[in-house]
Enquirer: 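There's a structure below that I have some questions on.
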Protein chains: 2
Amino acid sequence: MVARRRNNPLALAVLVCLYERPMHPYEVATTLRQRHKDESVRLNYGSLYSVVGSLEKRGLIETSEVERAGRLPERTVYRITDAGRLEAHDWLAELLARPLKEYPAFEAALSFLPALPPDEAVALLNERALELESGLARDAYGLLELVERRGLPRLFLVEAEYAVKMREAELDYVKQLIAEIASGELGGLEWWRTIHTADMADPPLPSGAPWTQPLDQPVAQAKGSNA
Amino acid sequence: MVARRRNNPLALAVLVCLYERPMHPYEVATTLRQRHKDESVRLNYGSLYSVVGSLEKRGLIETSEVERAGRLPERTVYRITDAGRLEAHDWLAELLARPLKEYPAFEAALSFLPALPPDEAVALLNERALELESGLARDAYGLLELVERRGLPRLFLVEAEYAVKMREAELDYVKQLIAEIASGELGGLEWWRTIHTADMADPPLPSGAPWTQPLDQPVAQAKGSNA
DNA sequence: GGTCAGATACTCGATCCAAAGTATCACGTT
DNA sequence: AACGTGATACTTTGGATCGAGTATCTGACC
């Protein structure tokens, strides 16, 4: 019954836009883009229209009018309802106050790190560090440009500042990890090296050896290799 | 034709598991859970079986045997193919070396920050800071426990270390932001306050006033930031 | 005055995925 | 001996998602 229960932040973006004034979906999209919100909220038309439909079904927005210019497709203008205002407020408050578990791709990749030989891992991490650095330079330049060239108050850039900080932190961690592998300081390195010695040639991952150890089972336990 | 082209990291997890030895999907799931990989990779059965099906269709894994114990459902055991080994390697390398644009929920929320009154925003951010702090304490304890109680090498915890670092950085930013709002230091604060003065009562967001300003349009400008 | 890029406005269909469901077994409890 | 609980192993369902597609209009340029 409860369609799309607070999963896609694009729905929040729509609500907040309509809070400002009634719009048709396409106008919401262009507004979000103009304000660079499409950098923080995944925006594409398919999702937009489906999200709008579900908001209407839930009574959070309603049709205000249907226009048509020439023979272009109709524009359905929506306005927010009281329920919608409430939902927008509560949802935003929730997103701000409660950290949400997410699954960044790099975290997943790190969890499979032992599957690659240490040397290759270091090379790849170095590449990442370089890309992070250049990306950071670009982003920082973009921010400065907005603040200085036009006098855009920082209030409207907090999300970008946050993103920059997070990338800086990631870069820090990547560098530290590289250093600890290179210096042999990282616990488990010997094991890591040995399982990648026999087959330097073709097979990029070591077969037979576990790519990571079970984190449980301090004692040898007969878990279910049920054959 | 190319089904599910490197979107769901669960597929990589399956490949890496099967690199170790042939398994049936359910066993992959329990293995991942035992190794706490379900903290870094979103894991649920629906996705697991559909991902496995698509890997088979793409020739990256193949059926090794079909078992049955009693009247329980059949277990289809899969093994990885050479193509699968290659794909696993390349995919993992790509994830490690290239930062991927993602859309954290908190970044989205920050981009709508001006929609809430400053006081409420500060209160909510404070709540977040508290939750981040207690979460961090819990996580750090968990790590220490694994390292000390059982002698688990840090190599198998890099993804968790990364997650902790990221949260620390987030906490830093949240604290800094709170301070800058409280001290009146943040650019745009006056405007933020004024648009939230008339209606302290019911409407939690100010209608009529733009919740954030267009970032473009001082001069008609050629786009600028392409991602 | 023709054409061609780009904006306008939405639609479609093919995947993708999360959550719940199904059915069996295993084990301990009362 | 009936019951409950949790593990085993996979299926089903229907919504969510995304990229591409359609068709029109606008304006710039030569």
Side-chain angles (χ1 to χ4, degrees), chain A residues 1-14 23-34 38 41-58 63 65-78 100-103 216 221-227, chain B residues 1-14 23-34 38 41-58 63 65-78 101-103 216 220 222-223 226:
Chain A
M1 251 325 176
V2 184
R4 208 172 310 239
R5 204 174 84 256
R6 276 197 193 172
N7 27 4
N8 192 343
L10 181 55
L12 176 57
V14 168
M23 296 184 194
H24 53 96
Y26 187 84
E27 193 182 357
V28 169
T30 55
T31 303
L32 288 174
R33 270 208 259 268
Q34 214 165 52
D38 58 331
V41 176
R42 191 174 259 118
L43 169 61
N44 59 45
Y45 290 119
S47 309
L48 177 62
Y49 285 91
S50 108
V51 146
V52 163
S54 125
L55 287 175
E56 184 174 28
K57 207 167 292 172
R58 292 167 59 195
T63 299
E65 52 178 328
V66 177
E67 306 170 346
R68 173 184 284 265
R71 222 173 306 161
L72 280 173
E74 282 183 346
R75 290 175 298 193
T76 307
V77 177
Y78 295 89
L100 189 73
K101 170 129 195 66
E102 285 169 308
Y103 297 84
D216 282 319
Q221 50 147 196
K223 53 89 193 289
S225 82
N226 37 22
Chain B
M1 249 330 176
V2 182
R4 207 172 311 239
R5 202 174 86 254
R6 279 199 192 172
N7 30 2
N8 193 343
L10 180 56
L12 176 57
V14 168
M23 297 187 193
H24 53 94
Y26 188 84
E27 194 182 358
V28 169
T30 54
T31 303
L32 289 174
R33 271 207 257 270
Q34 215 165 49
D38 57 332
V41 176
R42 192 174 257 118
L43 169 59
N44 59 46
Y45 290 119
S47 309
L48 177 62
Y49 285 93
S50 101
V51 146
V52 164
S54 124
L55 287 175
E56 184 174 29
K57 206 166 296 174
R58 292 168 59 195
T63 300
E65 52 179 325
V66 177
E67 307 170 346
R68 174 183 285 264
R71 219 173 309 160
L72 280 174
E74 283 182 345
R75 292 173 297 194
T76 307
V77 177
Y78 294 90
K101 169 128 196 68
E102 284 170 311
Y103 297 83
D216 280 321
K223 72 272 163 185
N226 70 349

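As the structure is a computational prediction, the values presented were derived from the model and not from experiment. Order of the sequence lines fixes the chain letters, A, B, ..., with proteins taken first and strands second; residue numbering starts at 1 for each chain.
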Enquirer: Check the distance between D:dG15's C1' and A:Arg5's CZ and give it to me in whole angstrom.
Expert: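 Result: 13 Å.
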
Enquirer: In whole Å, what is the span from the CG atom of A:Leu48 to the P atom of D:dG19?
Expert: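 Taking CG of A:Leu48 and P of D:dG19, I get 14 Å after rounding.
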
Enquirer: Considering residues at least two apart in sequence or located in another chain, which fulfil the ring pair (Phe, Tyr, Trp, His ring centres under 6.0 Å) criterion with A:Tyr26?
Expert: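 Listed in chain order: A:Tyr45.
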
Enquirer: Side-chain contact, heavy-atom cut-off 4.5 Å: A:Glu27 with A:Thr31?
Expert: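 In contact.
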
Enquirer: In whole angstroms, how far is the P atom of D:dT8 from the CZ atom of B:Arg33?
Expert: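 Computing the B:Arg33:CZ to D:dT8:P distance gives 10 Å.
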
Enquirer: Report which part of the nucleic acid B:Glu74 touches: base, sugar-phosphate, or nothing (heavy-atom distance under 4.0 Å, all strands).
Expert: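 Sugar-phosphate contact only - B:Glu74 comes under 4.0 Å of backbone atoms but never of a base.
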
Enquirer: Could you pull out the closest heavy-atom pair between B:Leu10 and B:Asn44, with the gap in Å?
Expert: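 In this case the closest contact between B:Leu10 and B:Asn44 is CD2-O, 4.4 Å.
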
Enquirer: Looking at D:dC18, I'd like to know if its phosphate oxygens (OP1 or OP2) sit under 4.0 Å from a side-chain N or O belonging to A:Arg42.
Expert: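 For A:Arg42, the contact criterion (side-chain N or O under 4.0 Å from OP1 or OP2 of D:dC18) is met.
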
Enquirer: Just the rounded figure in Å: distance from C1' of D:dA7 to NE2 of B:His24.
Expert: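 Those two atoms, NE2 and C1', are 13 Å apart.
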
Enquirer: Within this structure, what is the CG-to-C1' distance between A:Leu55 and D:dA16, rounded to whole angstrom?
Expert: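 Nearest whole value for this atom pair: 13 Å.
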
Enquirer: Around atom CZ of A:Arg68, are there more than 12 heavy atoms from other residues, nucleotides or ligands closer than 6.0 Å?
Expert: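 More than 12 within 6.0 Å, yes.
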
Enquirer: Would one find a side-chain N or O of B:Asn8 under 4.0 angstrom from OP1 or OP2 of C:dC17?
Expert: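 Answer is yes, contact under 4.0 Å.
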
Enquirer: Among C:dC10, C:dC17, D:dT17, which nucleotide has an atom closest to any side-chain atom of B:Ser47?
Expert: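 Looking only at side-chain atoms, B:Ser47 lies closest to C:dC17.
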
Enquirer: Which atoms form the tightest heavy-atom contact between A:Ala29 and A:Leu43, and what is the distance?
Expert: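 Taking A:Ala29 first and A:Leu43 second, the nearest heavy atoms are O-CD2, 3.9 Å.
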
Enquirer: With 3.5 Å as the limit, what N/O pairs link the protein to nucleotides 21-28 of chain D?
Expert:
from	atom 1	to	atom 2	distance (Å)
D:dC25	OP1	A:Arg71	N	2.7

Enquirer: Where the side chain of A:Tyr49 is defined as all heavy atoms beyond and including C-beta, which of C:dC17, C:dC10, D:dA9 is the nearest nucleotide?
Expert: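 Per side-chain heavy atoms of A:Tyr49, the pick is C:dC10.
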
Enquirer: Can you tell me if the side-chain N/O atoms of B:Ser50 get under 4.0 Å from OP1 or OP2 in C:dC16?
Expert: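 For C:dC16, neither OP1 nor OP2 has a side-chain N or O of B:Ser50 closer than 4.0 Å.
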
Enquirer: Rounded to whole Å, how long is the line connecting atom CD of B:Glu27 with atom C1' of D:dA9?
Expert: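 In whole Å, D:dA9 C1' lies 12 Å from B:Glu27 CD.
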
Enquirer: Can you see which heavy atom on A:Val41 is nearest to which on A:Ala13, and at what distance?
Expert: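 Nearest pair, atom of A:Val41 first, then A:Ala13: CG1-CB, 4.4 Å.
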
Enquirer: Between D:dT8 atom P and B:Arg75 atom CZ, what is the distance in whole Å?
Expert: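 The answer, rounded to whole Å, is 11 Å.
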
Enquirer: Please find the pair of heavy atoms, one from B:Tyr103 and one from A:Asp38, that lie closest to each other, and give the distance.
Expert: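 So the minimum-distance heavy-atom pair works out to CE2-O, 3.7 Å.
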
Enquirer: If you check the B:Thr76 side chain, which of D:dC10, C:dC17, D:dT8 turns out closest?
Expert: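 Out of D:dC10, C:dC17, D:dT8, the nucleotide with an atom closest to B:Thr76's side chain is D:dC10.
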
Enquirer: Is the shortest side-chain N/O distance from B:Tyr26 to OP1 or OP2 of D:dC10 below 4.0 Å?
Expert: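 For D:dC10, neither OP1 nor OP2 has a side-chain N or O of B:Tyr26 closer than 4.0 Å.
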
Enquirer: Take the protein atom CG of A:Asp38 and the nucleotide atom P of D:dG19, then report the distance between them rounded to whole Å.
Expert: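 The distance from CG of A:Asp38 to P of D:dG19 comes to 13 Å, rounded to the nearest Å.
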
